[in-house]
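Note sheet for the following structure.
Just so you know, ligand 1 is whichever comes first in the structure, and atom 1 is the first atom listed for that ligand. Values in this document were obtained by computation on a predicted structure and should not be read as measured data.
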Amino acid sequence: MTAPPRRHATIAGTGVALPDRVVPNSFFEGLVETSDQWIVERTGIRERRFAAEGQATSHLASAAGRRALEAAGLAPEQVDLLIVATLTPDRPLPSAAVMVQAALGLSCPAFDVNAACAGFSYATAVGTSMIESGGAENALVIGAEVLSRVLNLTDRTTCVLFGDGAGAAVLIPSDEPGVLASALHADGTKADLLTIPAGGTERPLSPERIAAHEGTIHMESGREVFRRAVTDMTSTCRDLLDKAGLSPDDVDLLIPHQANARIVASVGQRLGIPPERSVLDMEEVGNTSAASIPIALDRAWRAGRIHPGDVVLLASFGAGLTWGATLVRWTAPAPRA
Ligand code: ACO
């Protein structure tokens with residue numbers, strides 16, 4: 001007896017949504033001791049988008065999800081699974097995913113994943129596994145953040161780094177693998193390195209804690225985050241390529257998490273992937289955490305940088321620490337929507 005052919009998953013389309021409000025580096029010059037020159041030189045960021053008052057994570061996630069569905073040619077009623085990766089859900093309860101489910105008129109299971117900036121890697125791995133196992137017919141996977149609500153605008157070491165936005169991808173079943181392999185990692189011993197200390201069950205928000213900025217992003221050491229981001233993304237990419245029997249030479253496009261231009265450059269350099277085969281896309285959007293990879297992916301696809309047959313390597317790193325990578329053979333034609 002021959003085993004039934006294995007079912008695979010592939011990306012059928014992507015989409016992005018960004019808030020309208022553009023916040024240039026000069027905005028921070030009036031708040032903290034910094035300069036446009038320092039921010040551009042040390043991070044590669046010139047501007048970012050901030051959500052409008054009342055604009056929540058699920059609003060951006062829904063818009064990105066709608067565009068990805070249009071690009072994939074999938075109707076909302078056909079969606080079988082919805083996963084939203086976010087560290088900034090609309091509310092602690094219920095999930096951002098159920099808000100998106102209602103907004104898009106879906107009737108499928110829906111849940112959030114919080115793996116910080118690595119969230120899209122985690123969500124994509126879960127969506128892929130569900131399709132491969134037959135647990136879902138397809139999956140809408142979204143990374144979305146409104147980080148401007150959790151910034152400490154008196155801390156120059158963090159407030160200049162982040163932006164708001166959402167990116168989405170539609171996974172569908174395929175005979176040939178689109179998603180070739182995934183890797184996920186975590187190191188909870190470094191939880192304090194990058195954290196929002198209060199607002200959860202350990203340290204509920206109080207007026208004192210709000211005044212002490214404990215409900216906002218706190219980074220113990222930017223240098224240590226930088227070091228770990230470079231070493232961990234590089235090693236997980238190497239391991240994943242080995243697992244798939246490929247080498248960095250086979251990668252047509254590397255899309256690392258867009259935290260800092262120097263991190264992206266170092267990862268590419270260590271892997272031996274030249275800048276022209278690597279995506280640098282934080283200049284206009286900043287670090288959008290879980291949304292960073294799907295935003296960069298969508299913008300690269302729509303700019304004509306990704307073609308059917310291309311090998312695309314997505315690498316993520318974030319608070320937790322969490323990190324991961326996804327190796328994809330691109331199958332979608334040029335975007336139709
Ligand atoms: N403007 C001006 N000066 C600044 C600013 C700023 N916005 N931020 C920090 N500095 C100062 C520091 O206070 C320090 O001054 P000091 O020497 O008087 O103490 C000096 O610049 C050098 O600080 P470093 O931290 O060594 O600067 P570095 O070159 O490492 O750049 C940065 C800092 C941009 C945070 C970098 O380390 C980085 O990007 N790290 C990764 C962190 C990150 O991306 N975190 C986001 C979430 S995690 C993720 O997405 C991977």
Legend entry - Path from L194 to L147 over hydrophobic side-chain contacts below 4.5 Å: yes
Legend entry - Numbering as shown, the atoms of ligand 1 that approach V160 to under 4.0 Å (heavy-atom distance): 7 (N)
Legend entry - Beyond-backbone contact of R209 with P204, side-chain heavy atoms, under 4.5 angstrom: yes
Legend entry - Heavy atom of the protein closest to atom 39 (O) of ligand 1 (residue, atom name, distance): N260 ND2, 2.7 Å
Legend entry - SB check E137 R7 (cutoff 4.0 Å): yes
Legend entry - Numbering as shown, the atoms of ligand 1 that approach E33 to under 4.0 Å (heavy-atom distance): 1 (N), 2 (C)
Inset, instruction - Determine, using the 4.5 Å side-chain heavy-atom cutoff (strictly less than), whether V84 and L106 are members of one ILVMFWY cluster. - result: yes
Legend entry - N or O contact, N287 vs ligand 1, cut-off under 3.5 Å: yes
Legend entry - Path from V279 to I306 over hydrophobic side-chain contacts below 4.5 Å: yes
Inset, instruction - Determine whether L313 and V179 fall in the same hydrophobic cluster, where Ile, Leu, Val, Met, Phe, Trp and Tyr are linked whenever their side-chain heavy atoms lie under 4.5 Å apart. - result: no
Legend entry - Contact list for residues 164-189, test salt bridge (charged side-chain N to carboxylate O under 4.0 Å, His left out), sequence neighbours left out: D187-R228
Legend entry - In one Ile/Leu/Val/Met/Phe/Trp/Tyr side-chain cluster, 4.5 Å: L241, L180: yes
Legend entry - atom 46 (C) of ligand 1 within contact range, any protein heavy atom under 4.0 Å: yes
Inset, instruction - Find all atoms of ligand 1 within a distance of less than 4.0 Å from any non-hydrogen atom belonging to A259, and give their numbers and elements. - result: 44 (O), 49 (C), 50 (O), 51 (C)
Inset, instruction - Would you indicate which of M233, R42, R223 comes nearest to atom 22 (C) of ligand 1 when only heavy atoms are counted? - result: R223
Legend entry - atom 1 (N) of ligand 1: the protein heavy-atom neighbour that sits closest, reported with distance to 0.1 Å: T34 OG1, 2.6 Å
Inset, instruction - Answer yes if a protein heavy atom lies under 4.0 Å from atom 8 (N) of ligand 1, otherwise answer no. - result: yes
Inset, instruction - Just go through R156, R227, M219 and tell me whose heavy atom is the nearest to atom 13 (O) of ligand 1. - result: R156
Inset, instruction - Counting heavy atoms only, name the option from T43, I217, N25 that's nearest to atom 34 (C) of ligand 1. - result: T43
Legend entry - Nearest protein heavy atom under 4.0 Å from atom 32 (C) of ligand 1, yes or no: no
Legend entry - Nearest neighbour of atom 21 (O) of ligand 1 from the list F28, W323, W38, on a heavy-atom basis: W38
Legend entry - No-hydrogen, no-angle side-chain donor-acceptor test under 3.5 Å, T331 and T10: yes
Legend entry - Contacting atoms of ligand 1, where contact means under 4.0 angstrom from a heavy atom of L194: 47 (C), 48 (S)
Legend entry - Ionic contact status for E224 with R227, cut-off 4.0 Å: yes
Inset, instruction - Do me a favour and list the nearest non-hydrogen protein atom to atom 49 (C) of ligand 1 with residue, atom name and distance? - result: H257 NE2, 3.6 Å
Legend entry - Exercise: do T88 and E145 side chains pair donor with acceptor under 3.5 Å: yes
Legend entry - Subset of ligand 1 atoms that lie under 4.0 Å from at least one heavy atom of F162: 46 (C), 47 (C)
Inset, instruction - Report the nearest protein non-hydrogen atom to atom 28 (P) of ligand 1: residue, atom name, distance rounded to 0.1 Å. - result: R262 NH2, 3.8 Å
Inset, instruction - May I ask you to list the atoms of ligand 1 that are less than 4.0 angstrom from any heavy atom of F317? - result: 49 (C), 51 (C)
Inset, instruction - Considering non-hydrogen atoms only, spot the tightest contact between H185 and Y122 and give its length. - result: O-OH, 2.8 Å
Inset, instruction - Flag atom 17 (O) of ligand 1 as yes if some protein heavy-atom distance to it falls below 4.0 Å, otherwise no. - result: no
Inset, instruction - If a pair satisfies ring-ring contact (aromatic ring centres under 6.0 Å, His included) and one of its residues is in residues 72-92, list it, with sequence neighbours excluded. - result: none
Inset, instruction - Report yes if some N/O of G222 lies less than 3.5 Å from some N/O of ligand 1; otherwise report no. - result: yes
Inset, instruction - Give a yes or no on whether atom 3 (N) of ligand 1 lies under 4.0 Å from any heavy atom of the protein. - result: yes
